[in-house]
**Q** 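Sharing a structure below in C-alpha coordinates format, with a few things to ask.
Both backbone and side-chain heavy atoms feed into the values below; hydrogens, waters and symmetry mates do not. Quick note: residue numbers are just sequence positions, from 1.
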Amino acid sequence: QAQLVESGGGLVQAGASLRLSCLVDERTFSISAMAWFRQAPGKEREFVAHIDVSGDNTEYSESVKGRFSISRDHLRSSVYLQMNSLKLDDTAKYFCAASKFGGHVGVQATYDYWGQGTQVTVSS
(Lines give C-alpha, C1' and ligand atoms only; values in the text may rest on other atoms or scores of the structure.)
Protein backbone atom coordinates (compact mmCIF):
# COMPACT_ATOMS: atom_id res chain seq x y z
CA GLN A 1 0.00 0.00 0.00
CA ALA A 2 1.33 3.40 -1.00
CA GLN A 3 2.21 5.85 1.72
CA LEU A 4 2.24 9.62 1.33
CA VAL A 5 2.87 11.83 4.34
CA GLU A 6 2.73 15.60 4.08
CA SER A 7 4.41 18.02 6.45
CA GLY A 8 5.44 21.66 6.66
CA GLY A 9 2.10 23.37 6.98
CA GLY A 10 1.46 26.10 9.51
CA LEU A 11 0.24 29.60 10.23
CA VAL A 12 2.05 32.40 8.41
CA GLN A 13 1.43 36.03 7.57
CA ALA A 14 0.57 37.21 4.09
CA GLY A 15 3.68 37.68 2.01
CA ALA A 16 5.63 35.00 3.81
CA SER A 17 7.02 31.75 2.43
CA LEU A 18 6.47 28.14 3.38
CA ARG A 19 7.75 24.84 2.04
CA LEU A 20 5.61 21.74 2.12
CA SER A 21 7.10 18.26 1.95
CA CYS A 22 5.58 14.95 1.03
CA LEU A 23 7.43 11.78 1.91
CA VAL A 24 6.44 8.89 -0.34
CA ASP A 25 7.28 5.22 -0.15
CA GLU A 26 10.12 4.47 -2.54
CA ARG A 27 8.26 2.09 -4.81
CA THR A 28 5.40 4.47 -5.42
CA PHE A 29 7.65 7.49 -5.78
CA SER A 30 9.91 5.90 -8.39
CA ILE A 31 7.08 5.26 -10.85
CA SER A 32 4.69 8.10 -10.15
CA ALA A 33 4.10 11.60 -11.30
CA MET A 34 3.32 13.76 -8.30
CA ALA A 35 1.04 16.66 -7.63
CA TRP A 36 -0.25 19.01 -4.98
CA PHE A 37 -3.91 19.87 -4.57
CA ARG A 38 -5.57 22.05 -1.98
CA GLN A 39 -9.00 22.40 -0.45
CA ALA A 40 -10.29 25.47 1.33
CA PRO A 41 -13.25 25.26 3.72
CA GLY A 42 -16.50 25.00 1.81
CA LYS A 43 -14.76 24.68 -1.54
CA GLU A 44 -13.89 21.92 -3.95
CA ARG A 45 -10.42 20.43 -3.96
CA GLU A 46 -8.36 22.15 -6.63
CA PHE A 47 -5.19 21.45 -8.54
CA VAL A 48 -2.08 23.40 -7.54
CA ALA A 49 1.00 21.88 -9.19
CA HIS A 50 2.26 18.77 -10.96
CA ILE A 51 5.67 17.27 -11.68
CA ASP A 52 6.41 14.32 -13.91
CA VAL A 53 8.40 11.23 -12.94
CA SER A 54 11.70 12.63 -14.24
CA GLY A 55 11.21 15.98 -12.57
CA ASP A 56 11.86 17.75 -15.85
CA ASN A 57 8.33 18.95 -16.49
CA THR A 58 6.06 20.91 -14.20
CA GLU A 59 2.63 22.51 -14.45
CA TYR A 60 0.87 25.00 -12.23
CA SER A 61 -2.56 26.44 -11.75
CA GLU A 62 -2.90 30.05 -12.83
CA SER A 63 -3.54 31.15 -9.26
CA VAL A 64 -0.09 30.03 -8.06
CA LYS A 65 2.05 30.36 -11.19
CA GLY A 66 5.10 32.48 -10.47
CA ARG A 67 4.74 32.14 -6.70
CA PHE A 68 4.84 28.37 -6.08
CA SER A 69 7.42 25.86 -7.20
CA ILE A 70 7.15 22.07 -7.18
CA SER A 71 10.21 19.83 -7.08
CA ARG A 72 11.14 16.25 -6.28
CA ASP A 73 14.11 14.56 -4.72
CA HIS A 74 14.59 10.95 -5.78
CA LEU A 75 17.17 10.26 -3.09
CA ARG A 76 14.69 11.25 -0.40
CA SER A 77 11.55 9.96 -2.16
CA SER A 78 10.01 13.32 -1.52
CA VAL A 79 8.14 16.00 -3.38
CA TYR A 80 8.14 19.60 -2.26
CA LEU A 81 6.02 22.68 -2.76
CA GLN A 82 7.82 25.95 -2.20
CA MET A 83 5.24 28.65 -1.63
CA ASN A 84 6.30 32.29 -1.81
CA SER A 85 4.35 35.54 -1.51
CA LEU A 86 1.53 33.75 0.24
CA LYS A 87 -1.92 35.30 0.07
CA LEU A 88 -5.00 34.95 2.24
CA ASP A 89 -6.61 32.94 -0.58
CA ASP A 90 -3.86 30.33 -0.28
CA THR A 91 -5.34 29.22 3.04
CA ALA A 92 -6.33 25.57 2.59
CA LYS A 93 -5.46 22.03 3.41
CA TYR A 94 -2.77 20.88 0.98
CA PHE A 95 -2.68 17.32 -0.29
CA CYS A 96 0.05 15.38 -2.01
CA ALA A 97 -1.02 12.92 -4.71
CA ALA A 98 0.67 10.25 -6.84
CA SER A 99 -0.25 9.08 -10.32
CA LYS A 100 1.11 5.79 -11.71
CA PHE A 101 -0.44 5.94 -15.16
CA GLY A 102 -0.75 9.60 -15.94
CA GLY A 103 -3.65 11.51 -17.42
CA HIS A 104 -4.97 15.01 -17.16
CA VAL A 105 -2.80 16.56 -14.48
CA GLY A 106 -5.51 18.79 -13.08
CA VAL A 107 -8.07 16.05 -12.56
CA GLN A 108 -8.28 14.27 -9.22
CA ALA A 109 -9.18 10.95 -10.84
CA THR A 110 -5.73 10.89 -12.47
CA TYR A 111 -4.17 10.23 -9.10
CA ASP A 112 -4.10 6.82 -7.47
CA TYR A 113 -2.86 7.69 -4.00
CA TRP A 114 -3.35 10.61 -1.64
CA GLY A 115 -1.87 11.82 1.59
CA GLN A 116 -3.87 13.04 4.58
CA GLY A 117 -3.01 16.68 3.99
CA THR A 118 -1.31 19.49 5.86
CA GLN A 119 -3.01 22.74 6.83
CA VAL A 120 -1.72 26.09 5.60
CA THR A 121 -3.26 29.19 7.10
CA VAL A 122 -2.31 32.65 5.86
CA SER A 123 -3.22 35.59 8.07
CA SER A 124 -3.29 39.31 7.37
**Q** Kindly give the heavy-atom pair with the smallest separation between His104 and Thr110, and that separation in Å.
**A** O-OG1, 2.6 Å
**Q** Please give me the minimum heavy-atom distance between Val122 and Leu88, naming the atom from each residue.
**A** O-CD2, 3.3 Å
**Q** Hey, any chance Val64 and Leu81 share a hydrophobic cluster, counting ILVMFWY side chains that come within less than 4.5 Å of each other, even indirectly?
**A** yes
**Q** Should the ring pair Phe68 and Tyr94 be called parallel, tilted or perpendicular, given that the plane angle runs from 0 to 90° and is split at 30 and 60?
**A** tilted
**Q** Test your reading of the model: is there a side-chain donor-acceptor pair from Asn57 to the backbone of Asp52, 3.5 Å cut-off?
**A** no
**Q** Looking at every heavy atom in both Thr28 and Ala2, which two are closest together, and how far apart are they?
**A** OG1-CB, 3.3 Å
**Q** Identify the heavy atoms of Val79 and Cys96 that sit nearest to each other, and give their distance.
**A** CG1-SG, 3.7 Å
**Q** Got more than 12 heavy atoms from elsewhere within 6.0 Å of CD, Glu26?
**A** no
**Q** Do Ser17 and Asn84 come within less than 4.5 Å of each other through their side chains, counting heavy atoms only?
**A** yes
**Q** Under 4.5 Å between any side-chain heavy atoms of Arg67 and Tyr60, yes or no?
**A** no
**Q** Output the distance between atom CD1 (Ile70) and atom CD (Gln82), rounded to the nearest 0.5 Å.
**A** 12.0 Å
**Q** Side-chain contact test, heavy atoms from C-beta onward, threshold under 4.5 Å: evaluate it for Leu23 versus Ser7 and give yes or no.
**A** no
**Q** How close do Lys93 and Gln116 get, heavy atom to heavy atom, and via which atoms?
**A** CE-O, 3.2 Å
**Q** Could you check whether any side-chain heavy atom of Cys22 comes within less than 4.5 Å of a side-chain heavy atom of Tyr80, counting everything from C-beta outward?
**A** no
**Q** Let me confirm one number: the CD-CG distance from Gln13 to Leu86, rounded to the nearest 0.5 Å.
**A** 11.5 Å
**Q** Looking at side-chain heavy atoms only, is the closest gap between Gln119 and Leu11 below 4.5 Å?
**A** no
**Q** Tell me, do Phe101 and Asp112 make a side-chain contact under 4.5 Å, heavy atoms counted?
**A** yes
**Q** Let me confirm one number: the CD1-OG distance from Ile51 to Ser99, rounded to the nearest 0.5 Å.
**A** 13.5 Å
**Q** Just how far is it from atom OH of Tyr113 to atom NZ of Lys100, taken to the nearest 0.5 Å?
**A** 3.5 Å
**Q** CG of Asp89 to CZ of Arg38: how many Å apart, nearest 0.5 Å?
**A** 7.5 Å
**Q** Work out which heavy atom in Ala98 is nearest to a heavy atom in Met34; give both atom names and the distance.
**A** CB-SD, 3.6 Å
**Q** Got Asp90 and Met83 here, is their nearest side-chain heavy-atom distance under 4.5 Å?
**A** no
**Q** Using 30° and 60° as the class limits, which term best fits the ring planes of Tyr111 and Trp114: parallel, tilted or perpendicular?
**A** perpendicular
**Q** Give, for atom OG of Ser78 and atom CG of Leu20, the distance between the pair rounded to the nearest 0.5 Å.
**A** 12.5 Å
**Q** With side chains defined as the heavy atoms from C-beta onward, is the minimum distance between Val24 and Ser32 less than 4.5 Å?
**A** no
